[in-house]
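Single-structure report; data block below.
The basis for the numbers below is simple: all heavy atoms, side chains too, and nothing from hydrogens, waters or symmetry mates. As the structure is a prediction and not an experimental result, all values here were calculated from the model. In what follows, chains are A, B, ... by sequence order, proteins preceding strands, each numbered from 1.
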Amino acid sequence: MLLQNQRPQLRPQTTAHLAQTMALLELTVEELHQKVEAELARNPALELIDEFRCPTCHKILHNKQLCPTCTNTMGGSPDQPIVYLSSHEDFFVKPRISSYSNDLPDDNFAPDRETLPAYILRQVGPDLHVDDRQIAVHILTAIDEDGFLTIKPLEIALYHHVPLSRVEKIIHLIQHADPIGVGSAGPKDALLVQLEVLSEHLAIPHLAEKAILAGIELLSPHHLPELARHLNIPASQAKEIVRFISDNLNPFPGRAHWGDQTNAGSSEGQENTYHFPDVIISRATEEENTPLVVEIAMPFYGSLRVNPLFREALQEAPIEKSELWQEDLEQATLLVKCLQQRNHTIVRLMQTLVVKQRDFILYGDAYLKPITRADLADELEVHESTMSRAVSDKAVQLPNRRIIPLSMFFDRSLHIRTVLKQLIEQETYTLSDSQIAVLLLGMGFPVARRTVAKYRSIEGILPAHLRNRSYKPHLMLPQHNEQSVAV
DNA sequence: CTATGGCACGGATT
DNA sequence: AATCCGTGCCATAG
C-alpha cells in the first residue's frame, strides 16, 4: 500500500540515498560508530558539533538525554512509550549486565541458560582437585552480574585455610573459562586476561597491554589524546589500540553472550559472541502500568551535520579541487540524511514493537506474541526487506537486564516453548510428547506431536523415558490446571 | 505396541 | 530466491 504519505521529508530521494540507508540499517551501533568515525576523519565536509536535538520536538538538548518538554507532553502511558536516542559512547561507559539469571526476579528468569556460575563450574570442574572444587564454588558464588569477583582472593584463602597461591591458581583457571576473563577483580584484569588468551592466536597491537593498564577510562574514544600522551605514541596508533580493544575484548565478561556458546573455544577468540545493546528498554516507574523507556543507541545523532563553512568555501574553491570537494559535500549530506532515515526507521520500529510486545518485555518469554517482520513492515509502511535489515544483528537490553537479539521479538514459537518447559517442570509424572501436545492444545496452542518433540530438543529437554523424575519439593500436588476448556 | 528421532516436503518468512 | 519451520510418514528403540 503506497497510498499513505505521512513523512514526505524523509522519503528516500535517490537510489544512492536508498542504497546507503539500507546499508546503514544493517549496521550495529558499534559498526555504525566506526563508519561515522572513519568518514568524519576523511571527509572535511562533515562536522561533529556538540548539539543534540530532540527527535520529536527538535529542541536543542544539552545532556543528550530525555527532552523535558516531550517527556511531559507525550511520554506516558503503557502504549505511549518514551523513545529517545542516546549516544553510543555513553553506553560504553555504563557497565552492562549479563543475560544470566543470577538474581533476576523469578517471573522473569533467563530461560534457556544455566546460571553463569554453573556454566563455569562445568568447564573448570574436571580440571580441579576435589578439594579445590568447593573453593571454586566459593569463588563462583562471589561473582557479580558483570562477571567480576566481589571479594578478595585473600579472604577466600583464609576462609579455606589454604595458601593464597592455590586460590589464585583456581581463579586463573576460571578466568580462562568461557566467558574469558570472568572472575577477574575488575574490567582491567578481565581485559588483560582476554588479551593474553587472544595473543595466542592473533597479533595484538603493541602497547595494548600498557593501554589497558593505564586505565579503562582512557580507552573511550573521548580520551584518545590523553592516552596517546600517556603511552608516548601518536594519536593514530592510540586509536588503533582502542579500536582493537573495543572490537575484540569485553570489559564486562559476564555480559550477555549468545550464539555458539558451545565452543568455549580457545580458538576464534574474536568470534563476536558478545553483544553490545543497540537498544535499552527500561521501565519508567515500578508501577504495573509504567510506560516503557526505550533508549536507542545512536552514535552522534543530531550532532552530525554538514559543515557550513565548508559549503561556503566551496564557492571559492580552486578549480582543481572543486570537483573533489563537491563530491565530499554530497557524500556528507547523503550520510547525514541516511543516518536520519535510519534513526527514524528504528525509532518507529521500536515504538510499535515495544507496545506490541509489552507483556513479553515486562513479564517474560511466555508472553511473547508471535509477530512476523512482514506484519510489522506493512504496518509501518516500509518494505519487508527494510524491516529485516533493521532487525538483523541488533541487540536489545530488557528491563530485567537480559540482553537478547532483537530478532527474538519475532520468534514464532518462543511462547509455546516456554509454556512447554513450565509444563514439564511442573509435571507430576513424566509426560509423553503426545500427552503434552494434548495439554497444549487445551491451552490454545494447537501443535502436532512431532512439533512438541522439536521444541523439546530445542530447549534441550530429554525425552520422557530418560527424564526420570527430578523431585520437586514444591508444587507436587496433582493440581490439574484445569484451564476451563470451554469447548 | 508406544514413544521418538530422522528425513523430507510444502508453505510461510525473510 | 533462499531459508526456516511445522508436520507427516516411517524406521527404530524400548
Is a side-chain donor or acceptor of A:Lys369 paired with a backbone partner of A:Lys356 at a separation under 3.5 angstrom? yes
As a test of reading the structure: which of B:dT4, B:dG6, B:dT14 is closest to the side chain of A:Thr372, going by heavy atoms? B:dT14
In terms of side-chain geometry, is the basic nitrogen of A:Asp411 or A:Arg417 positioned less than 4.0 Å from the acidic oxygen of its partner? yes
Any salt bridge (charged side-chain N to carboxylate O under 4.0 Å, His left out) pairs touching residues 437-446 of chain A, not counting sequence neighbours? none
Please tabulate, one pair per line, each protein N/O and nucleotide N/O from nucleotides 3-6 of chain C that are separated by under 3.5 Å, including the distance.
{"unit_1": "C:dG6", "atom_1": "OP1", "unit_2": "A:Tyr455", "atom_2": "OH", "d": "2.9"}

Please list, pair by pair, any protein nitrogen or oxygen found under 3.5 Å from a nitrogen or oxygen in nucleotides 12-14 of chain C.
none

Partner set under side chain to side chain contact (heavy atoms under 4.5 Å, CB included) for A:Ala332, not counting sequence neighbours: A:Asn43, A:Ala45, A:Leu46, A:Val306
Backbone N/O of A:Ala190 and side chain of A:Gln175: donor-acceptor pair under 3.5 Å: no
Answer with base, sugar-phosphate or nothing: what part of the nucleic acid does A:Arg456 contact at a heavy-atom distance below 4.0 Å? sugar-phosphate
Identify each donor-acceptor pair in which a side-chain atom of residues 439-452 of chain A lies under 3.5 Å from a protein atom, sequence neighbours left out, and give them as a table.
none

Write down the distance between CZ (A:Arg450) and P (B:dT4), rounded to a whole number of angstrom. 11 Å
For a quick check of understanding: with a heavy-atom distance under 4.0 Å over all strands, which category does A:Arg373 fall into, base, sugar-phosphate or nothing? sugar-phosphate
Length of the CG-P vector between A:Asp433 and C:dC9, whole Å: 17 Å
From CD of A:Glu26 over to C1' of B:dT14, roughly how many Å is that when rounded to an integer? 12 Å
Whole angstrom value for the distance that separates C1' of B:dG5 from CG of A:Leu462: 13 Å
Tell me, with the steps shown, if A:Leu420 and A:Ile461 meet side chain to side chain contact (heavy atoms under 4.5 Å, CB included). CA-CA 10 Å; A:Leu420 176 143; A:Ile461 301 174; 4.0 Å; yes
Around atom CD of A:Gln326, are there more than 12 heavy atoms of other residues, nucleotides or ligands at under 6.0 Å? yes
Counterpart residues, ring-ring contact (aromatic ring centres under 6.0 Å, His included), relative to A:Phe409 (two or more places apart): A:Phe360
A:Asp411 CG to B:dT14 C1', straight-line distance once rounded to whole Å: 14 Å
Between C:dT7 (C1') and A:Ile436 (CD1): distance, integer Å: 17 Å
Can you work out whether A:Ile461 or A:Ala374 has the more 5'-proximal nearest nucleotide on DNA chain B? A:Ile461
Just the rounded figure in Å: distance from C1' of B:dA3 to CZ of A:Arg449. 7 Å
